[in-house]
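Remember, it's a predicted structure, so these values are computed and weren't measured experimentally. All residue numbers refer to positions in the sequence shown, counting from 1.
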Amino acid sequence: MGRSALALVFAAAIAAPALAHESAVELATGGLIFVRNENLEMLSQELSISPSEISIRYRVLNKSDQDITVLAAFPMPDLHIEGPDDSPSLPTDDPINLLAFAAAANGKAIAANVEQRVISAGLDRTRLLRDLGIPLAPHLASIRGALDRLSPDKAEELGRLGLVESEVYDEGSGMRRHLGARWTLQTTFSWEQRFTANSETVIEQHYRPSIGRSPQTLLGSPAEEKEPWYDEYKDKYCFGYEFLAAVEAARKAAGSKLGAPFSEQRIEYQHKTWVNGLGSPIKQFRLVVDKAAPENLVSFCGEEPKKLDETKLEVTKSDYTPDGTLAILFLTRLRQQ
């Protein structure tokens, strides 16, 4: 992509900031949840985050003289379609394992159970959809045909219960009225985890993150600090001097007066799930954020990270009790041709 082409991309992005920043919306994810037991202690946790994978390694000590078995769970983010233009970002088309989740304990793969529930207006409507043969994942294109095949009385019933909404769009044969899913899908993986007496257990999990994407960042655009989105971004991702200087240097090098030559990838990670159920602070915590390529940029809030190599940043803490959400902004360099 030459300079003139880059400039056209920048101009289109700045002319339609809502489109650039809402092309794909990230869903906040997290780690494992354990049923509380005061004899279990989190010795360490290593969290690695990149645009391609989130992985977490837990070292848990059973301080008691007896084996302990507790329920461990990984809740997927709730999935809900607000309207016909809503497009939640998911890394797979799997209707059950939405994030390609996997886990292991002491190196042995865990066979987790999975439960999916359909919620509408606070009520569980899973059985109703299953009886009608309706897929539970509301975001998949395959659900349209199943809803369109419903009899008029069943379609009216689902509409009355808040499960569907009428939409009008063209699938190639003219404008037609269709039903759109409006329920919330809750998906949870769970298993009973055994912790041997007076021993450490290592649990590892990994999954592909839900990533918010924009084909062009608005950072580096003229008078960006006056734009309504800028303060929100600054508070959410805690831009530092070096980050903003690198954005500006890339803009100048691209010869653009409209914006910097980067696309955006955004990840939100929920802190509270890191220690839920284990009570005490994490004795040793380590976060590694990988921006994937040296020319890419990354920004997130927290203590000043240590540079491990050309792509990885590290934050370490002792006796750490996280709370809140870690939001990470990755800027991926647009390639010139």
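- For the atom pair Leu129 CG and Leu158 CG, the distance stands at 6.5 Å (nearest 0.5 Å).
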Please walk me through it: do Arg266 and Glu268 pass salt bridge (Lys or Arg N to Asp or Glu O under 4.0 Å)?
-> CA-CA 7 Å; Arg266 302 175 296 274; Glu268 290 192 6; over 6 Å; no

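- Heavy atoms only, all atoms of each residue included: Glu264 and Leu331 are closest at CG-CD2, 3.6 Å.
- At a threshold of 4.5 Å between non-hydrogen side-chain atoms, the residues Val247 and Phe239 do not count as touching.
- Summarising the geometry of Gln205 relative to Gly30, their closest heavy-atom pair is NE2-O, 4.3 Å, with the distance given to 0.1 Å.
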Let me check something: any side-chain donor-acceptor pairs from residues 291-302 under 3.5 Å, sequence neighbours excluded? List them with distances.
unit_1, atom_1, unit_2, atom_2, d
Lys291, NZ, Pro294, O, 3.3
Lys291, NZ, Asn296, O, 2.9
Glu295, OE2, Arg335, NH1, 2.8
Glu295, OE2, Arg335, NH2, 2.7
Asn296, OD1, Arg333, N, 3.0
Asn296, ND2, Lys291, O, 3.0
Ser299, OG, Tyr237, O, 2.8
Ser299, OG, Cys238, O, 3.4

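- Between the side chain of Asp67 and the backbone N or O of Ala197 there is at least one donor-acceptor pair closer than 3.5 Å.
- Transitive grouping of hydrophobic side chains (ILVMFWY, heavy atoms separated by less than 4.5 Å) brings Ile96 and Trp191 into a common cluster.
- In this structure, the side chains of Ile134 and Val118 stay at 4.5 Å or more apart for every pair of heavy atoms.
- Between Tyr233 and Trp229, the ring planes lie perpendicular to each other; the angle is over 60°, past the 30° to 60° tilted range.
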Which is it for Glu224 and Lys234 under the salt bridge (Lys or Arg N to Asp or Glu O under 4.0 Å) test, yes or no, and what are the steps along the way?
-> CA-CA 11 Å; Glu224 62 181 2; Lys234 185 176 180 180; over 6 Å; no

Chi angles and distances behind the side chain to side chain contact (heavy atoms under 4.5 Å, CB included) call for Ile54, Leu99 = CA-CA 10 Å; Ile54 292 178; Leu99 303 179; over 6 Å; no

Quick one: do Val60 and Gln193 satisfy side chain to side chain contact (heavy atoms under 4.5 Å, CB included)? Show the steps, please.
-> CA-CA 11 Å; Val60 181; Gln193 180 60 52; over 6 Å; no

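- For the pair Thr316 (side chain) and Arg286 (backbone), a donor-acceptor distance under 3.5 Å is absent.
- No side-chain heavy atom of Leu218 sits under 4.5 Å from any side-chain heavy atom of Glu227.
- Inter-residue side-chain proximity for Ser263 and Leu334 is flagged as met; some heavy-atom pair is nearer than 4.5 Å.
- Nearest heavy-atom pair, Ile49 versus Phe330, reported as atom, atom and distance to 0.1 Å: O-CZ, 4.4 Å.
- The distance from atom OG of Ser199 to atom CD1 of Ile68, rounded to the nearest 0.5 Å, is 11.0 Å.
- Taking both residues in full, the closest heavy atoms of Pro51 and Pro209 are given as O-CG, 3.6 Å, listed atom of the first, atom of the second, then distance.
- In this structure, CD on Gln265 lies 9.0 Å from OG on Ser52, to the nearest 0.5 angstrom.
- Formation of a donor-acceptor pair under 3.5 Å by the Ser120 side chain with backbone atoms of Leu161 is found in this model.
- For the atom pair Leu179 CG and Glu167 CD, the distance stands at 8.5 Å (nearest 0.5 Å).
- If you check the side chains of Thr188 and Ser190, you find no donor sitting under 3.5 Å from an acceptor.
- Remark: the Gln116 side chain and the Thr187 side chain contain an N/O donor-acceptor pair separated by less than 3.5 Å.
- Here the rule is side-chain contact (heavy atoms from CB on, under 4.5 Å) with Leu27, and of Leu98, Ile267, Leu90, Ile211 only Leu90 fits it.
- Partners of Asp131 by salt bridge (charged side-chain N to carboxylate O under 4.0 Å, His left out), not counting sequence neighbours, listed by chain and number: Arg127.
- To the nearest 0.5 Å, atom CG of residue Leu61 and atom NZ of residue Lys283 are 10.0 Å apart.
- One hydrophobic cluster, built from ILVMFWY side chains closer than 4.5 Å, cannot hold both Val288 and Ile282; they sit in different ones.
- At distances below 3.5 Å, at least one donor-acceptor pair connects side-chain atoms of Arg251 with backbone N or O atoms of Ser256.
- Expressed to the nearest 0.5 Å, how far OG of Ser318 lies from CD of Gln284 amounts to 3.5 Å.
- Note: the hydrophobic cluster containing Ile328 does not contain Leu308 (ILVMFWY, side chain heavy atoms under 4.5 Å, direct or indirect links).
- In the hydrophobic clustering of this structure, Leu140 does not group with Leu185; members are Ile, Leu, Val, Met, Phe, Trp, Tyr whose side-chain heavy atoms approach within less than 4.5 Å, directly or through other members.
- The nearest pair of heavy atoms linking Gly159 to Val164 is N-CG2, 3.4 Å.
- Side-chain contact check for Phe34 versus Ile203: some heavy-atom pair is nearer than 4.5 Å.
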Identify each donor-acceptor pair in which a side-chain atom of residues 73-83 lies under 3.5 Å from a protein atom, sequence neighbours left out, and give them as a table.
unit_1, atom_1, unit_2, atom_2, d
His80, ND1, Arg182, O, 3.4
His80, ND1, Trp183, O, 3.2
His80, ND1, Thr184, OG1, 3.1

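- In this structure the side chain of Gln45 reaches within 4.5 angstrom of the side chain of Ile56, judged on heavy atoms.
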Take Phe262 and Leu219 through the side chain to side chain contact (heavy atoms under 4.5 Å, CB included) test and state the conclusion after the steps.
-> CA-CA 9 Å; Phe262 295 99; Leu219 291 171; over 6 Å; no

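- Between Arg194 and Glu192, none of the side-chain N atoms (NZ, or NE/NH1/NH2) sits under 4.0 Å from a carboxylate O, so this pair counts as no salt bridge.
- Of all non-hydrogen atoms in Leu313 and Pro305, the two that sit nearest each other are CB-CB, 3.9 Å.
- Checked by atom type, the side-chain pair Asn62/Asn39 shows no donor-acceptor distance below 3.5 Å.
- Using modelled atom types and a 3.5 Å distance limit, the side chains of Ser89 and Glu26 yield no donor-acceptor pair.
- Leu43 and Leu47 sit in two unconnected hydrophobic clusters of ILVMFWY residues. Membership requires side-chain heavy atoms under 4.5 Å apart, directly or through other members.
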Decide side chain to side chain contact (heavy atoms under 4.5 Å, CB included) for Arg57 and Arg59; before the verdict, give the C-alpha distance in whole Å, the side-chain angles of both, and the deciding distance to 0.1 Å.
-> CA-CA 7 Å; Arg57 185 177 189 270; Arg59 285 176 52 236; 3.7 Å; yes

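- Distance alone, capped at 3.5 Å, is enough to place a donor-acceptor pair between the Asn106 side chain and the Val202 backbone.
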